There are 2 protein chains.
Amino acid sequence: MLRGAGLRVTRQRQAIAEVLLRSGDHPDAEAVLDRARRLDPSVSQATTYRTLATLAERGYLRAHRFNSGPARFEAEPAAHHDHLIDVDTGEVVEFLSAEIEELQRRVAERYGYEIVDHHLVLFGRRIASG
Amino acid sequence: MLRGAGLRVTRQRQAIAEVLLRSGDHPDAEAVLDRARRLDPSVSQATTYRTLATLAERGYLRAHRFNSGPARFEAEPAAHHDHLIDVDTGEVVEFLSAEIEELQRRVAERYGYEIVDHHLVLFGRRIASG
DNA sequence: GTGAATGCAAAAACTTTGCATATAC
DNA sequence: GTATATGCAAAGTTTTTGCATTCAC
């Protein structure tokens with residue numbers, strides 16, 4: 001991932017990349033820093049922000065701004081997906097709808113655009129079942 | 001709008017509301033403040049942020065975090081719409097797709113959720129047309 | 001060896017808050 | 001008259017940056 005991004009492989013970046021690749025959730029910069037420090041205590045806040053910014057720029061990471069508060073990150077998944085957020089618990093559900101993706105393409109096309117990227121976030125509340 | 005939100009109608013809030021209702025674009029808090037001050041120079045930054053937050057909370061305003069940088073606001077439109085952003089110019093195109101809306105509902109339902117809100121932003125590049 | 005990366009601490013960018021005063025109702 | 005809103009300035013939160021030092025290549 002670091003080599004792919006054309007970056008020098010430092011201990012600190014390895015720790016940060018490791019955290020991102022292993023995290024099943026969507027940590028913010030502070031959480032990434034905390035976790036990275038467990039792997040390498042020398043990681044600093046500055047390096048964390050710099051590495052997150054660079055990897056996001058190079059397309060190896062996705063930055064989300066779900067709500068107010070700090071940006072949250074995840075390694076760019078092999079398969080693209082969008083997010084559904086439980087407004088009561090904050091839980092994040094990942095989903096993919098090929099139909100929505102296709103419709104997005106068509107909408108953009110109608111306006112003379114090709115899609116470079118997109119963010120789709122649904123905010124939902126659990127339906128009382130039964 | 002202010003009365004609807006159950007707020008006292010002050011000169012400052014009138015200026016801010018006026019700005020939002022008149023703006024065709026998506027100004028950030030600083031731009032709202034600048035514009036509101038042209039209508040009433042006594043408007044302060046604190047009141048701007050407070051009013052934006054309250055109106056957004058009460059559903060009269062929409063706050064967007066398209067990219068990094070400050071949140072951007074628009075009066076809640078009569079008809080809901082989503083946004084397509086030209087990555088080269090920053091231009092914001094508003095669109096609505098009933099099909100996408102419907103599919104979102106279905107996706108959420110599949111996971112046991114009902115949609116409370118959603119954010120869909122497409123980032124696109126103009127297609128060189130013949 | 002050299003350019004890139006680092007930590008530190010300061011600064012910048014954005015937003016919220018405490019408090020005394022003013023104002024809508 | 002009273003609860004709400006205001007401006008101001010300070011503080012809070014999140015992110016970026018300058019610079020001397022260290023390190024990957």
Side-chain angles (χ1 to χ4, degrees), chain A residues 1-20 25-58 60-74 90, chain B residues 1-20 25-58 60-74 90:
Chain A
M1 174 162 167
L2 295 171
R3 292 197 206 285
L7 298 176
R8 290 188 174 181
V9 179
T10 65
R11 284 177 300 122
Q12 292 91 341
R13 282 176 176 162
Q14 289 182 76
I16 292 166
E18 190 105 12
V19 165
L20 290 161
D25 55 351
H26 302 75
D28 61 21
E30 190 186 358
V32 172
L33 174 57
D34 284 354
R35 295 177 197 177
R37 276 187 165 153
R38 274 177 234 145
L39 302 177
D40 180 344
S42 79
V43 178
S44 72
Q45 197 202 43
T47 292
T48 302
Y49 274 103
R50 282 193 276 237
T51 301
L52 290 172
T54 307
L55 289 177
E57 220 166 70
R58 308 271 216 272
Y60 289 83
L61 231 58
R62 207 133 243 273
H64 298 289
R65 308 185 73 200
F66 290 139
N67 40 46
S68 52
R72 296 170 58 179
F73 299 85
E74 68 177 324
Chain B
M1 175 164 165
L2 294 172
R3 290 197 208 286
L7 298 176
R8 290 187 173 181
V9 180
T10 66
R11 285 177 299 123
Q12 292 90 342
R13 281 176 179 164
Q14 288 182 74
I16 292 167
E18 190 105 11
V19 165
L20 291 161
D25 56 348
H26 303 74
D28 61 19
E30 191 186 358
V32 171
L33 175 57
D34 284 354
R35 296 177 196 179
R37 275 187 167 154
R38 274 176 234 146
L39 302 178
D40 180 343
S42 79
V43 178
S44 72
Q45 196 202 45
T47 292
T48 301
Y49 274 103
R50 281 192 277 235
T51 301
L52 291 172
T54 307
L55 289 176
E57 220 168 67
R58 307 272 216 273
Y60 290 83
L61 232 59
R62 205 133 247 274
H64 298 290
R65 309 185 73 200
F66 291 138
N67 39 46
S68 53
R72 296 170 58 179
F73 298 85
E74 68 176 326

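Keep in mind the model is a prediction, meaning the values are calculated, not measured. Letters A, B, ... are given to chains in the order of the sequence lines, protein chains preceding strands, and every chain is numbered from 1. The figures that follow rest on heavy atoms only: side chains count, while hydrogens, waters and symmetry mates do not.
- Partner B/Leu52 forms a side-chain contact (heavy atoms from CB on, under 4.5 Å) with one of B/Asp28, B/Leu33, B/Leu20, B/Thr47 and no other, that one being B/Leu20.
- B/Arg3 places no side-chain N or O within 3.5 Å of a backbone atom of B/Val9 that could act as its donor or acceptor partner.
- For the pair B/Tyr60 (side chain) and B/Ala17 (backbone), a donor-acceptor distance under 3.5 Å is absent.
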Using a 4.0 Å cut-off on protein heavy atoms (strictly under), produce a 5'-to-3' string for nucleotides 15-22 of chain D with B for base contact, S for backbone-only sugar-phosphate contact, and - for none. BBBB----

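- The two residues B/Ala15 and B/Ala36 come nearest to each other via the heavy atoms CB-O, 3.8 Å.
- Spacing between atom CD of B/Glu30 and atom P of C/dC14 amounts to 8 Å, rounded to whole angstrom units.
- Residues from residues 7-20 of chain A placing a heavy atom under 4.0 Å of any atom in DNA chain C, listed by number, are A/Leu7, A/Arg8, A/Thr10, A/Gln12, A/Arg13.
- Nucleotide D/dC23 holds its P atom 18 Å from the CG atom of A/Leu2, rounded to whole Å.
- Residue B/Asp40 contributes atom CG, which lies 11 Å from atom C1' of D/dT6 at whole-angstrom precision.
- C/dC14 atom P lies 13 Å from atom CG of B/Asp34, rounded to whole Å.
- At whole-Å resolution of the value, CG in A/Leu52 and C1' in C/dT6 are 15 Å apart.
- B/Arg65 places no side-chain N or O within donor-acceptor distance of the main-chain N or O of A/Phe66, the cut-off being under 3.5 Å.
- Annotation for A/Arg58 and A/Leu7: closest pair NH2-CD2, 3.7 Å, computed over non-hydrogen atoms.
- Atom NE2 of B/His64 and atom C1' of C/dC14 are 18 Å apart (whole Å).
- Not one N or O on the side chain of A/Arg35 forms a donor-acceptor pair closer than 3.5 Å with the backbone of A/Val19.
- B/Arg37 places a side-chain N or O within donor-acceptor distance of the main-chain N or O of B/Val43, the cut-off being under 3.5 Å.
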